[in-house]
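First up is the structure itself, then whatever we jot down about it.
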Amino acid sequence: MAIKYKTKFNERCYSLLVKVPKGKVTTYKEIAKKLNSKAYRAVGNAMNKNPYAPRVPCHRVVNSNGEIGGFASGVKKKIEMLRKEGVDISKKNKIDLKKYLYKFN
DNA sequence: TATTTGACCAAGA
DNA sequence: ATCTTGGCCAAAT
């Protein structure tokens, strides 16, 4: 059975997210901006619900200030995943957005 | 329908 | 640099 889209907004978030390549990250703000909106928080909420768990790389979404942000299954898990994908994270759990930020255009 | 919630962000003290 | 405050928006309750 095909995916049943509850809301368009969330679906757009997921659609954008799957475009983020491995080894890169994006931010809640960038996603919202791409949707012509300022719904940073709504984006975060969408990720938290995360109906499409493994197919949507929600672990590649971080805060605009470079901090990791949150993760439904624990921030620790998120960090490990990112490291596995080649993203270097400093001890303070921060990401160098200059290096790893992916923009949608 | 109204209120609350949240994995946010920017600016101010 | 850290902490607080207010604002922002969609989804869930």
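All chains are named by letter (A, B, ...) in the order of the sequence lines, taking the proteins before the strands, and each is independently numbered beginning at 1. All heavy atoms count here, side chains included; hydrogens, waters and symmetry mates do not.
As rounded to whole Å, 13 Å separates atom C1' of B:dA7 from atom CG of A:Asn65. One can place NZ of A:Lys34 at 23 Å from P of B:dC8, the figure rounded to the nearest angstrom. Distance, A:Arg41 CZ to B:dT4 C1': 11 Å, rounded to whole Å. Here B:dA7 presents its P atom at 11 Å from NZ of A:Lys78, a figure rounded to the nearest Å. Rounded to an integer number of Å, the gap from CG of A:Asn50 to P of B:dG6 is 17 Å. Here B:dT5 presents its C1' atom at 10 Å from CG of A:Asn48, a figure rounded to the nearest Å. A:Glu30 places its CD atom 13 Å from the C1' atom of B:dC8, with the value rounded to the nearest Å. Atom C1' of nucleotide B:dC8 and atom OH of A:Tyr28 are separated by 8 Å, given to the nearest angstrom.
Between B:dG6 and A:Asn45, no contact under 4.0 Å exists linking OP1 or OP2 to a side-chain N or O.
Smallest separation of non-hydrogen atoms from A:Leu17 and A:Pro57: O-CG, 3.6 Å. Residues A:Ile89 and A:Asn93 come closest through the heavy atom pair CG2-CA, 3.7 Å. Shortest non-hydrogen contact noted between A:Phe104 and A:Ile31 is CE1-CG1, 3.9 Å.
Among the atoms of the strands shown, none is found under 4.0 Å from any heavy atom of A:Lys76. Residue A:Ala39 is classed as a sugar-phosphate contact, given heavy-atom separations below 4.0 Å to backbone atoms only. Within 4.0 Å of A:Phe71, counting heavy atoms only, lies at least one base atom of the nucleic acid.
No donor-acceptor pair under 3.5 Å is formed between the side chain of A:Lys77 and the backbone N or O of A:Phe71.
Comparing A:Phe9 and A:Lys92 by the nucleotide of DNA chain C whose heavy atom lies nearest to each, the residue mapping closer to the 5' end is A:Lys92. Checking A:Lys38 against A:Lys49, the closest nucleotide of DNA chain C that is more toward the 5' end is the one next to A:Lys38.
A side chain to side chain contact (heavy atoms under 4.5 Å, CB included) with A:Leu97 is found for exactly one of A:Asn65, A:Thr26, A:Val25, namely A:Val25.
Between the side chains of A:Ser15 and A:Glu11, at least one donor N or O sits under 3.5 Å from an acceptor N or O.
Counting non-hydrogen atoms of neighbouring residues, nucleotides and ligands closer than 6.0 angstrom, the NZ atom of A:Lys24 exceeds 12 such neighbours.
Reading DNA chain C from its 5' end, the first and the last nucleotide to sit under 4.0 Å from a heavy atom of chain A are C:dT2 to C:dA12.
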